[in-house]
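Take a look at the structure below.
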2 protein chains.
Amino acid sequence: MHNGDVSTTSDPGARLGSELSDAVVMFHEALGALSGLSAADHKALGIVRRDGPVSARELADRTGLTAGAVTGLVDRLEQAGQVRRTRHATDRRRLVIEATASPPPEVRAALAEMGTAMGRVTAQFTPEELQVVARWVQLTTATMREQAARAAGRLEGRREG
Amino acid sequence: MHNGDVSTTSDPGARLGSELSDAVVMFHEALGALSGLSAADHKALGIVRRDGPVSARELADRTGLTAGAVTGLVDRLEQAGQVRRTRHATDRRRLVIEATASPPPEVRAALAEMGTAMGRVTAQFTPEELQVVARWVQLTTATMREQAARAAGRLEGRREG
DNA sequence: CCATATAGTTTAGTTCACTCAACCATTCAT
DNA sequence: ATGAATGGTTGAGTGAACTAAACTATATGG
């Protein structure tokens, strides 16, 4: 099952993507579990981490949850020490939800280990090759985002059909 | 050490990785949703798809669920047309749970679209470059699997500490 | 055969995250 | 200032998926 020949399938890209997919999902879940978060909560945390401080409403829109559900979500993330909840400076209705500086030790350890493990992987490539990989990762990420949105949209449409 | 700046620690590499990860997870979830499956169910389906026909007990062990929960799980997967439930030939207490040949039309359509989209991505690379990407994907997949297992193990250990 | 173990289902009860709607607090517009 | 809009929280009710335990059916060993 590990033949390195990319051109054997009609769909090399999709094949490559799907091989990674399961592994990524597993790691993602394992990481969430380490900090006592469900996969869904961990995903929400990702939004906060990446896209900086967000308001509750923003988070609700991004996750597709209702305002009420977001309150609970933020409660859990705060409980887990992953997130800080403050009030907006000028508009005091608004929340400022921001990730704490660094994840809890267990997660940091796992991430660090992952980092060195990935270091061993990248060490086997030349800088030029890594450029190629980076390009592929970028394009693939964009494609997956787009396709995820499209699939979600299709589901939306069906619900109203 | 010829790995350029891709593996420096505060790096774009980590960001790329985490964005790819989220994108993958989103696509994974969207795909599951299309066939009316939760992320958890979709993951279980992955086990059945990948590791061939399994018994209910096996599936229970692999997912960490109880026997009763697995009955419901398989019910849902069967309902969604993703899985077939037959009895074992020689031991008729046992179930033989196997993935159906092809996913339902909505999922197939989404996968097909994903396929052509990824085709457009791969079209932007030479065969040699794709070899490089394939190599990276394989190594990365193995690494993620290993790290996921390690993280899960750590969690396990903590529970008994 | 009969006793006991194993595979899976069923059922009753629990948990948990969600929605919806009512509810404060704050801001904005007139 | 006051009424309407906005941001977030709270609480009641719902539904999905879980566990534990009782149950059915099959297998196996003395």
Side-chain angles (χ1 to χ4, degrees), chain A residues 29 32-33 35-48 51-80 82-98 152 155-156 159-160, chain B residues 25 29-30 32-48 51-80 82-99 155-156 159:
Chain A
E29 270 167 19
S35 41
L37 296 178
S38 72
D41 285 6
H42 192 229
K43 198 185 71 172
L45 176 60
I47 295 176
V48 176
D51 302 338
V54 292
S55 71
R57 175 113 298 278
E58 244 173 296
L59 198 49
D61 292 341
R62 296 281 299 270
T63 55
L65 296 176
T66 59
V70 167
T71 296
L73 167 64
V74 177
D75 281 350
R76 293 190 300 273
L77 292 181
E78 200 176 31
Q79 195 74 24
Q82 299 274 15
V83 131
R84 199 177 10 250
R85 186 198 240 136
T86 39
R87 287 279 161 187
H88 194 274
T90 71
D91 184 344
R92 277 198 308 238
R93 297 168 304 179
R94 273 203 174 84
L95 276 187
V96 176
I97 303 163
E98 47 188 348
L155 192 64
E156 198 63 31
R159 209 172 307 166
E160 282 136 30
Chain B
V25 171
E29 271 167 17
L34 265 183
S35 39
L37 296 179
S38 73
D41 285 7
H42 193 224
K43 196 186 72 172
L45 177 60
I47 295 176
V48 176
D51 302 339
V54 292
S55 71
R57 176 114 295 276
E58 243 173 297
L59 198 51
D61 292 341
R62 296 283 298 269
T63 55
L65 296 175
T66 58
V70 167
T71 296
L73 167 64
V74 176
D75 281 350
R76 294 190 299 275
L77 293 181
E78 199 175 33
Q79 194 74 24
Q82 300 272 17
V83 131
R84 200 180 6 252
R85 185 198 241 137
T86 40
R87 286 281 161 184
H88 193 276
T90 71
D91 184 342
R92 276 198 308 239
R93 295 168 304 180
R94 272 202 176 84
L95 276 188
V96 176
I97 303 162
E98 46 189 347
L155 191 65
E156 198 63 32
R159 211 173 301 165

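Below, read A as the first sequence line, B as the second, and so on, with proteins coming before strands; counting in each chain starts at 1.
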> Partners of B/Arg85 by side chain to side chain contact (heavy atoms under 4.5 Å, CB included), sequence neighbours excluded?
Replying inline: B/Thr71, B/Val74, B/Asp75, B/Glu78, B/Leu95
>> What is the separation between atom CZ on A/Arg94 and atom P on D/dT9, rounded to the nearest whole Å?
In response: 14 Å
> Do the side chain of A/Arg92 and the base of C/dT26 come within less than 3.5 angstrom through a donor-acceptor pair of N or O atoms?
Replying inline: no
>> Quiz question: going by heavy-atom distance under 3.5 Å, is there a donor-acceptor pair between the base of C/dT6 and the side chain of B/Arg93?
In response: yes
>> Output the rounded distance in Å from CG (A/Leu59) to C1' (D/dT9).
In response: 15 Å
> Which residue pairs pass the salt bridge (charged side-chain N to carboxylate O under 4.0 Å, His left out) test when at least one of the two sits in residues 62-71 of chain A, sequence neighbours left out?
Replying inline: A/Asp51-A/Arg62
Tabulate protein N/O versus nucleotide N/O from nucleotides 14-21 of chain D, keeping only pairs under 3.5 Å, one per line.
| residue | atom | partner | partner atom | Å |
| --- | --- | --- | --- | --- |
| D/dC18 | OP2 | B/Arg76 | NH2 | 3.3 |
| D/dT19 | OP2 | B/Thr66 | N | 3.1 |
| D/dT19 | OP2 | B/Thr66 | OG1 | 2.6 |

> In Å, rounded to the nearest 0.5 Å, how long is the span from CD of B/Gln82 to CD1 of B/Ile97?
Replying inline: 14.0 Å
>> Please give me every residue in residues 83-91 of chain A whose heavy atoms get under 4.0 Å of an atom in DNA chain C, ordered by residue number.
In response: A/Thr90, A/Asp91
> Tell me, do B/His88 and B/Thr90 make a side-chain contact under 4.5 Å, heavy atoms counted?
Replying inline: yes
> Whole Å only: how far is the CZ atom of A/Arg57 from the P atom of D/dT9?
Replying inline: 12 Å
>> Is it the case that the side chain of A/Arg92 and the backbone of A/Arg87 share a donor-acceptor pair, with hydrogens and angles ignored and the cut-off at 3.5 Å?
In response: no
> Can you name the side chain to side chain contact (heavy atoms under 4.5 Å, CB included) partners of B/Ala67, sequence neighbours left out?
Replying inline: B/Arg57
> Taking atom CD of A/Glu58 and atom OG1 of A/Thr63, what is their separation to the nearest 0.5 Å?
Replying inline: 11.0 Å
> Tell me: CD of A/Glu78 to P of D/dG8, nearest whole Å?
Replying inline: 14 Å
> What pairs with A/Thr86 under side chain to side chain contact (heavy atoms under 4.5 Å, CB included), at least two apart in sequence or on another chain?
Replying inline: A/Val96, A/Glu98
